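To start, the structure itself, in structure tokens.
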Amino acid sequence: RDSSTSRGLGDVYKRQNTFQTDFGNAQHFVVNNGYDTQSIRFVPQSERVQLRLTAGYDKPIVLFMGSWHKPNIESVEYILRIAPQLPEWQFIVVGSVGDYFKDCQLPHNVMLTGSIDDKTKMHYLSIATVAVNPMFSGSGTNLKMLDFMGSGIPVVSTPIGARGHIIDDNIYPVSYTHLTLPTILL
């Protein structure tokens, strides 16, 4: 994809310098992480509120997305611990990570979607008030951050959840914490 259809945030220069240190002048190229601007649409906050209300959600929505993978399971366990402290928020967990918890007793303000298609994913991205990425372990770049930011959702993430992204707080503010998430949302 060319830059008109895909945008990426990543620490490209650092990785390129590391490669050169490890492998010398071997021919190489860096492929940035990105998201598809044709399937992930930016939704302004004013439109987001109306879409959320039209979809039948009267509470603001906290969105998390992830596959059935240990770091995502840890994140959902954290969300399940804090959700009861925030009854005025609706937590929506999108993706196969929710299948891990399908037989668990959930707080009343937590909904699991399981695996969904791209159209349904965009629906949830368009109605979310805030996205969370409370990652405590794992490696690599969390591509969900690109979907969150590309769709215009404010993000609260741990530093591990934001790793691999160059995020200019003057352009896109991201809060890097998990210890105070309930405080941030209150």
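Please read these numbers as outputs of a predicted model, since none were measured by experiment. Worth knowing before you read on, the calculation uses all heavy atoms, side chains too, and leaves out hydrogens, waters and symmetry mates.
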I'd like to know whether Y124 forms a side-chain contact (heavy atoms from CB on, under 4.5 Å) with T113, so could you lay out the CA-CA distance, the side-chain angles of the two residues, the decisive distance to 0.1 Å, and finally the verdict. CA-CA 10 Å; Y124 288 114; T113 69; 3.7 Å; yes
Separation of [Y] [atom2] from [X] [atom1] (nearest 0.5 Å):
X    : Y    : atom1 : atom2 : value
I92  : Q90  : CD1   : CD    : 5.5 Å
S96  : L112 : OG    : CG    : 11.5 Å
L51  : I127 : CG    : CD1   : 8.0 Å
H69  : I73  : NE2   : CD1   : 9.0 Å
N133 : S75  : CG    : OG    : 6.0 Å
F42  : R48  : CZ    : CZ    : 7.5 Å

Counting N and O atoms only, with roles assigned by atom type, does the side chain of T158 sit under 3.5 Å from a partner on the main chain of P134, one being a donor and the other an acceptor? no
Donor-acceptor check, side chain of N72 to backbone of S67, threshold 3.5 angstrom: yes or no? yes
Can E47 and R41 be counted as an ion pair, charged N to O under 4.0 angstrom? yes
In terms of side-chain geometry, is the basic nitrogen of E74 or K70 positioned less than 4.0 Å from the acidic oxygen of its partner? yes
Would you name the heavy atoms of [X] and [Y] that are closest together and state the gap between them?
X    : Y    : value
M65  : L125 : SD-CD2, 4.1 Å
R52  : P60  : NH1-N, 3.8 Å
L80  : L106 : CD2-CD2, 3.8 Å
N109 : P87  : ND2-CA, 3.8 Å
G66  : K144 : CA-NZ, 4.0 Å
V155 : M145 : CG1-SD, 3.7 Å

Is the count of non-hydrogen atoms from other residues, nucleotides or ligands lying under 6.0 Å from K59 atom NZ greater than 12? yes
Worked check of side-chain contact (heavy atoms from CB on, under 4.5 Å) between D99 and S115: CA-CA 8 Å; D99 297 338; S115 296; 4.3 Å; yes
Given side-chain contact (heavy atoms from CB on, under 4.5 Å), test F136 with E77 step by step and report yes or no. CA-CA 11 Å; F136 304 99; E77 288 171 341; over 6 Å; no
Do V97 and F64 touch side chain to side chain, with heavy atoms closer than 4.5 Å? yes
Can you find a pair of side-chain heavy atoms, one from V94 and one from I116, that are under 4.5 Å apart? yes
Do Q50 and S46 meet the criterion of a side-chain donor-acceptor pair at a distance under 3.5 Å? no
Test of understanding: with side chain to side chain donor-acceptor pair (under 3.5 Å), list the residues that count as partners of T120, not counting sequence neighbours. D117
Give the intermediate values and the outcome of side-chain contact (heavy atoms from CB on, under 4.5 Å) for residues I82 and Y78. CA-CA 6 Å; I82 67 162; Y78 173 73; 3.7 Å; yes
Knowing that exactly one of W89, F101, F91 qualifies, which makes a side-chain contact (heavy atoms from CB on, under 4.5 Å) with V110? F91
